[in-house]
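Numbers for residues simply follow the sequence, beginning at 1. Worth saying up front: this structure is predicted, and the values here are computed from it rather than measured. Basis for what follows: all heavy atoms, side chains included, without hydrogens, waters or symmetry-related copies.
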Amino acid sequence: MDSFSLTESKYFRNTQFCFVRGRRRQGQCKQVHAYLSSMDFSLCFNSPTIISTLVHFLLLVSSVCPVCSSEIGNYQVSNETFGPKEEVHKLHIIRNHLNQVNKPAIKTIQSPDGDIIDCVVSHLQPAFDHPHLKGHRPLNPPEKPKDHRQMEELSENFQLWSLSGESCPEGTIPIRRTTEQDMLRASSVSRFGRKIRRPVKRDTNSNGHEHAVGYVSGEKYYGAKASINVWAPRVANQYEFSLSQMWVISGSFGDDLNTIEAGWQVSPELYGDSYPRFFTYWTSDAYQATGCYNLLCSGFVQTNNRIAIGAAISPTSTYAAGQFDITLLIWKDPKHGNWWLEFGSGILVGYWPSFLFTHLRNHASMVQFGGEIVNSRQTGSHTSTQMGSGHFAGEGFGKASYFRNIQVVDWDNNLIPLSNLRVLADHSNCYDIQGGINNVWGNYFYYGGPGRNVRCP
């Protein structure tokens, strides 16, 4: 393994942190102690064999895991033109779907970004439309992983919809209301809220999905945890996206792929704007017929009345200034086998019932962390859609995006550090990644980039 020391003293000394921890907010950030300036950050690189293996993996995952619902592979990015009868039929389908996903609210909150947040009684949320959950109620919190350092729960508002001080009552959950405009933006109304399944392609240039990721494989994994700083990357057009997330993966990369996903994303097609939004996803059949984003189908059971999945995150990180990050933990409840999601420190969002999955009923075989974008090449050149902060990994703290304190959950429900984190960027002239380890951040990496530039035409 090659390694070298990266001096980051000027970034650590002069830049402020703001983490989702306890009661520290952007206005209450504390400067990082100067002793960090002398820390050694060893950057890890991998053998050609390892990189070759992951390239093959990414080719497969990119092809079966597109995040936008437009046909990027053929760049058919506009809705079909319908005649009057077809338009009426289309609107009928949309309104029927809206009646299914938008549940009766006991309170409605108008968000500054234009979202409408409905407070829905917990056992009436979309998850309980599932045949296996009808008549049930959300489960009680499970046992958390050992060595999970939980600080005081977050009490401030960290999503735009709650900045006014409005909240949903106990016994309800906040759900971002889906509108006709949301569905009309999608190039496939029948697949709204789901990822498009396409045949495996071996040419990364034609696939359009580009990654900068860290990953572990070869063991049995029962969860993962990381802190991710949040940015508002520029997305070049409606049919591209930029995201940063964790993937918990099991099965082969064919029709039986199981994944659980959570992070933040900028997706103008899905949300109609350029805000970074907290999101989740799941599938048990490689995105064919199961799964969806957020609460757009039955599946994920939300238990929290303070977080709206799909709602905008606030604040965000600022280049060469304050950094804001979120901590995500996904783990398998040892007693019932469900996969739970925690946001921040101690805030349980909800769970994916184990019956949704095949391979993930047992454990994960791979965990992946990092960024992904879609490059539609609408102008004939590489997209200018940014990943992360829009700056390369080498710019370091305060300027590049990062994942830090990366851990996995073992068979005995212990959170443990990684011994074999590997990093790879499949288009390193456009978006890159540099990993390392230190006493403060544990396993970490910087990643991202601007997209089109002199080295990425």
**Student:** Check whether the ring centres of W264 and F278 lie less than 6.0 Å apart, and answer yes or no.
**Tutor:** no
**Student:** When you check the side-chain N and O atoms of Y447 and S244, is any donor under 3.5 Å from an acceptor?
**Tutor:**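 Checked: Y447/S244 side chains pair up, N/O donor to acceptor below 3.5 Å.
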**Student:** Show the numbers, then the answer: is there a side chain to side chain contact (heavy atoms under 4.5 Å, CB included) between R194 and Y287?
**Tutor:** CA-CA 7 Å; R194 297 184 176 186; Y287 309 95; over 6 Å; no
**Student:** Salt bridge (charged side-chain N to carboxylate O under 4.0 Å, His left out) for D182 and R176? Distances and angles first, verdict last.
**Tutor:** CA-CA 11 Å; D182 290 333; R176 178 184 182 271; 3.4 Å; yes
**Student:** Does D129 come within less than 4.0 Å of K103, counting only side-chain N to carboxylate O?
**Tutor:** yes
**Student:** Mind checking whether W282 and F357 have parallel, tilted or perpendicular rings, split at 30° and 60°?
**Tutor:**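 W282 and F357: perpendicular rings.
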**Student:** Using a 6.0 Å distance limit plus a 45 degree cone around the ring axis, check whether R455 lies over the aromatic ring of F392.
**Tutor:** yes
**Student:** Within the side chain of N229, is there an N or O that forms a donor-acceptor pair under 3.5 Å with the backbone of F324?
**Tutor:** no
**Student:** Do Y402 and D325 get their side chains close enough for a donor-acceptor pair, meaning under 3.5 Å?
**Tutor:** yes
**Student:** Enter the distance from S389:OG to W231:CH2 here, rounded to the nearest 0.5 Å.
**Tutor:** 4.5 Å
**Student:** Would you say the side chains of Q245 and Y281 form a donor-acceptor pair under 3.5 Å?
**Tutor:**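 Their side chains do not contain a donor-acceptor pair, so the 3.5 Å distance test is not met.
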**Student:** State which residue, out of V248, V409, V349, fulfils the side chain to side chain contact (heavy atoms under 4.5 Å, CB included) condition with I330.
**Tutor:**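 So the option named by the test is V248.
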**Student:** Can R277 and D115 be counted as an ion pair, charged N to O under 4.0 angstrom?
**Tutor:**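 D115 and R277: salt-bridged.
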**Student:** Inspect the contact between R95 and E180 and indicate whether a charged nitrogen and a carboxylate oxygen are less than 4.0 angstrom apart.
**Tutor:**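 The answer is yes: the pair qualifies as a salt bridge.
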**Student:** Could you check F279 against Y271 for side chain to side chain contact (heavy atoms under 4.5 Å, CB included), going step by step and ending with a plain yes or no?
**Tutor:** CA-CA 11 Å; F279 83 97; Y271 304 107; 3.8 Å; yes
**Student:** So that I can tick it off, tell me whether D333 and K144 are bridged by a salt bridge, with the cut-off set at under 4.0 angstrom between side-chain N and carboxylate O.
**Tutor:**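 Between D333 and K144 there is no salt bridge, as every charged N stays at least 4.0 Å from the carboxylate O atoms.
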**Student:** Consider only side-chain N and O atoms of D256 and S252, and report whether a donor and an acceptor are under 3.5 Å apart.
**Tutor:** yes
**Student:** Which one of F300, W340, W339 satisfies the ring pair (Phe, Tyr, Trp, His ring centres under 6.0 Å) criterion with W352?
**Tutor:**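 Exactly one candidate clears the test, F300.
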**Student:** Taking atom types as modelled, find out whether T385 and S242 have a side-chain donor-acceptor pair closer than 3.5 angstrom.
**Tutor:**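 No, no side-chain donor-acceptor contact under 3.5 Å.
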**Student:** Under a 3.5 Å distance rule, please check whether N453 uses its side chain to pair with a backbone N or O of N429 as donor and acceptor.
**Tutor:** yes
**Student:** Identify the residue among H427, E210, H382 that makes a side chain to side chain contact (heavy atoms under 4.5 Å, CB included) with C456.
**Tutor:**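 That would be H382; it is the only one of H427, E210, H382 passing the side chain to side chain contact (heavy atoms under 4.5 Å, CB included) with C456.
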**Student:** Under 6.0 Å between ring centres, would you say that holds for H132 and F355?
**Tutor:**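 Here the rings of F355 and H132 have centres that are less than 6.0 Å from each other.
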**Student:** Between Y431 and H211, does the ring centroid distance fall short of 6.0 Å?
**Tutor:** no
**Student:** Does a donor on one side chain and an acceptor on the other come within less than 3.5 Å for N258 and T358?
**Tutor:** yes
**Student:** Can Q159 and S314 be counted as having a side-chain donor-acceptor contact under 3.5 angstrom?
**Tutor:**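 No, no side-chain donor-acceptor contact under 3.5 Å.
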**Student:** Check the side chains of T259 and E261 for a donor-acceptor pair under 3.5 angstrom, ignoring hydrogens and angles.
**Tutor:** yes
**Student:** Taking atom types as modelled, is there a side-chain donor on T172 or N305 under 3.5 Å from an acceptor on the other?
**Tutor:**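 No - no donor-acceptor pair under 3.5 Å links their side chains.
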